[in-house]
Undergrad: 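Take a look at this one; I'll ask things after.
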Amino acid sequence: MNFEQTLSIVKPNALEKNALGDIINRFEKSGLKVIAIKMLLLDRQTAAGFYKEHEGQPYFEKLMKFMTRNPIVVQVLEGIDAVAKNREIMGPTSYMNGPEGTIRKDYADDITYNAVHGSDSPESAKKEIAYFFRENEIFPNYSVK
């Protein structure tokens, strides 16, 4: 068991479905804590920079149009095995085969419009978090007083 941070993105189609509260609630109920959050409207350059490993793929243009059409919510989640736990809650990218009750099964429209993104490893999480957040925007280990 590792105490980790991971990046989570709630994509435009999930926001359009008014699902943000439900999605955050699922993370929190699983033991993950939101330690940073912001709503952004990505421009193409920022979206392309984040998804640069997909550039040249047949779905890239569809992904760019999707990720820039309306706001997204980016958040940093923290907890024990946060990367794996987030991925379990999201469900697989090919959501149609995913378990009932996962975010993608409940909110995805297709493989591109799949409602959420989550880091795939602790190393990716560090890079992805740094892409969207400055260090002073993240509040790890806070407690209720």
Side-chain angles (χ1 to χ4, degrees), residues 1-57 59-95 98 101-145:
M1 291 193 311
N2 297 313
F3 197 71
E4 300 172 331
Q5 294 176 356
T6 190
L7 183 79
S8 167
I9 300 176
V10 181
K11 295 181 179 181
N13 65 322
L15 292 178
E16 292 158 6
K17 293 175 182 176
N18 204 27
L20 179 61
D22 179 52
I23 291 169
I24 291 172
N25 189 44
R26 291 180 193 206
F27 292 136
E28 290 181 331
K29 280 188 171 181
S30 77
L32 295 174
K33 189 176 208 175
V34 178
I35 61 168
I37 189 168
K38 60 173 93 167
M39 183 177 277
L40 305 167
L41 183 59
L42 296 179
D43 59 29
R44 183 181 169 87
Q45 181 179 354
T46 305
F50 185 74
Y51 287 108
K52 66 184 171 202
E53 71 272 7
H54 300 284
E55 194 168 1
Q57 296 297 321
Y59 56 83
F60 186 73
E61 284 307 314
K62 180 180 178 184
L63 179 61
M64 291 300 96
K65 287 179 184 165
F66 170 56
M67 291 302 292
T68 60
R69 79 178 187 199
N70 272 318
I72 62 168
V73 170
V74 291
Q75 55 193 338
V76 180
L77 305 174
E78 182 178 73
I80 296 170
D81 297 324
V83 172
K85 187 172 282 189
N86 179 31
R87 296 188 69 75
E88 178 184 330
I89 296 163
M90 288 189 312
T93 303
S94 43
Y95 67 97
T102 58
I103 294 168
R104 288 179 171 152
K105 184 75 169 181
D106 292 345
Y107 294 114
D109 298 315
D110 70 23
I111 200 159
T112 300
Y113 301 175
N114 63 3
V116 286
H117 164 86
S119 304
D120 63 6
S121 69
E123 297 75 30
S124 291
K126 287 181 178 132
K127 291 177 196 166
E128 292 179 354
I129 289 167
Y131 193 82
F132 289 108
F133 292 94
R134 295 186 314 265
E135 196 172 310
N136 68 348
E137 295 176 312
I138 303 170
F139 302 93
N141 303 313
Y142 70 85
S143 61
V144 178
K145 296 185 183 210

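Numbers here simply count residues along the sequence, with the first being 1.
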Undergrad: Of all heavy-atom pairs between Ile80 and Phe3, which one has the smallest distance, and what is that distance?
TA: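 Here Ile80 and Phe3 meet closest at N-CD1, 4.0 Å.
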Undergrad: Can you tell me how far apart OG (Ser8) and CD1 (Ile72) are? Round to the nearest 0.5 Å.
TA: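 Separation between the atoms: 10.0 Å.
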Undergrad: Using the rule given for side chain to side chain contact (heavy atoms under 4.5 Å, CB included), can you reason through Tyr131 versus Leu7, listing the C-alpha separation, both sets of side-chain angles and the distance that settles it, and then say yes or no?
TA: CA-CA 10 Å; Tyr131 193 82; Leu7 183 79; over 6 Å; no
Undergrad: Any ion pair linking Asp109 and Lys11 (charged N to carboxylate O, less than 4.0 Å)?
TA: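 Answer for the salt bridge query: no.
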Undergrad: Can you name the nearest heavy-atom pair linking Ala14 to Ala115, along with the distance?
TA: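 Ala14 and Ala115 have their closest heavy atoms at CB-O, 3.6 Å.
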Undergrad: Might you confirm whether atom CD of Glu135 has over 12 heavy atoms from other residues, nucleotides or ligands at distances under 6.0 Å?
TA: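 No, the 6.0 Å shell around CD holds no more than 12 heavy atoms from other groups.
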Undergrad: Is a donor on one side and an acceptor on the other found under 3.5 Å between the side chain of Asn2 and the backbone of Glu4?
TA: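 No, the answer is negative, given that no donor and acceptor are paired below the 3.5 Å cut-off.
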Undergrad: Output yes when a side-chain donor or acceptor of Glu137 lies under 3.5 Å from a complementary backbone atom of Arg134, and no otherwise.
TA: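 Such a contact is found between Glu137 side chain and Arg134 backbone.
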Undergrad: Taking atom CG of Asn18 as the centre, report whether more than 12 heavy atoms of other residues, nucleotides or ligands fall under 6.0 Å from it.
TA: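 Counting other residues, nucleotides and ligands, CG of Asn18 stays at 12 neighbours or fewer.
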Undergrad: Kindly say whether Tyr113 contributes a backbone atom to a donor-acceptor pair with the side chain of Asn13 at under 3.5 angstrom?
TA: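 Yes; at least one donor-acceptor contact below 3.5 Å.
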Undergrad: Would you say that Ile111 contacts Tyr59 through its side chain, given a criterion of any heavy-atom pair below 4.5 Å between the two side chains?
TA: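 SC-SC contact between Ile111 and Tyr59 ruled out.
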Undergrad: Taking atom CD of Glu88 as the centre, report whether more than 12 heavy atoms of other residues, nucleotides or ligands fall under 6.0 Å from it.
TA: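 Not buried by this count: 12 neighbours or fewer within 6.0 Å.
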Undergrad: Are Met64 and Tyr51 close enough, and set up right, to give a side chain to side chain contact (heavy atoms under 4.5 Å, CB included), and what steps lead you there?
TA: CA-CA 9 Å; Met64 291 300 96; Tyr51 287 108; 4.0 Å; yes
Undergrad: Which is it for Phe133 and Ile35 under the side chain to side chain contact (heavy atoms under 4.5 Å, CB included) test, yes or no, and what are the steps along the way?
TA: CA-CA 11 Å; Phe133 292 94; Ile35 61 168; over 6 Å; no
Undergrad: Where do Ser30 and Ile89 come nearest, in terms of heavy atoms and distance?
TA: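 Smallest interatomic distance, heavy atoms only, reads OG-CD1, 3.0 Å.
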Undergrad: With side chains defined as the heavy atoms from C-beta onward, is the minimum distance between His117 and Phe50 less than 4.5 Å?
TA: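 Of all side-chain heavy-atom pairs linking Phe50 with His117, at least one is under 4.5 Å.
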Undergrad: Please find the pair of heavy atoms, one from Phe27 and one from Asn86, that lie closest to each other, and give the distance.
TA: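 Of all heavy-atom pairs spanning Phe27 and Asn86, the closest is CE2-OD1, 2.9 Å.
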Undergrad: Show every salt bridge (charged side-chain N to carboxylate O under 4.0 Å, His left out) that has at least one partner inside residues 73-87, sequence neighbours left out.
TA: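 Listed once each, the pairs would be none.
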Undergrad: Can you give me the closest heavy-atom contact between Arg104 and Thr93, atom names plus distance?
TA: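 The pair with the smallest heavy-atom distance is NH1-N, 3.3 Å.
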Undergrad: Within a radius of less than 6.0 Å around NZ of Lys105, do more than 12 heavy atoms belonging to other residues, nucleotides or ligands occur?
TA: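 Atom NZ in Lys105 is crowded, with more than 12 foreign heavy atoms closer than 6.0 Å.
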Undergrad: Measure the spacing between CZ of Arg26 and CG of Leu32 and express it to the nearest 0.5 Å.
TA: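 Nearest 0.5 Å value for the CZ-CG distance: 13.5 Å.
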Undergrad: Would you indicate whether Leu41, at its atom CG, is surrounded by more than 12 heavy atoms from other residues, nucleotides or ligands within a distance under 6.0 Å?
TA: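 Count over threshold, so yes.
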Undergrad: Nearest 0.5 Å please: distance from the CZ atom of Phe60 over to the CD atom of Glu55.
TA: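 Phe60 atom CZ to Glu55 atom CD measures 4.5 Å (nearest 0.5 Å).
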Undergrad: Would you indicate whether Lys38, at its atom NZ, is surrounded by more than 12 heavy atoms from other residues, nucleotides or ligands within a distance under 6.0 Å?
TA: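 Yes, because the 6.0 Å sphere around NZ of Lys38 holds more than 12 heavy atoms from other groups.
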Undergrad: Taking the side chain as every heavy atom from C-beta outward, state whether Val73 and Leu20 have any atom pair closer than 4.5 Å.
TA: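 Yes, their side chains come closer than 4.5 Å.
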Undergrad: Is there a side chain to side chain contact (heavy atoms under 4.5 Å, CB included) between Gln75 and Ile24? Walk through the geometry before answering.
TA: CA-CA 9 Å; Gln75 55 193 338; Ile24 291 172; 3.7 Å; yes
Undergrad: Using a cut-off of 6.0 Å, state whether more than 12 heavy atoms not belonging to Lys127 lie near its atom NZ.
TA: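 Atom NZ in Lys127 is not crowded, with 12 or fewer foreign heavy atoms closer than 6.0 Å.
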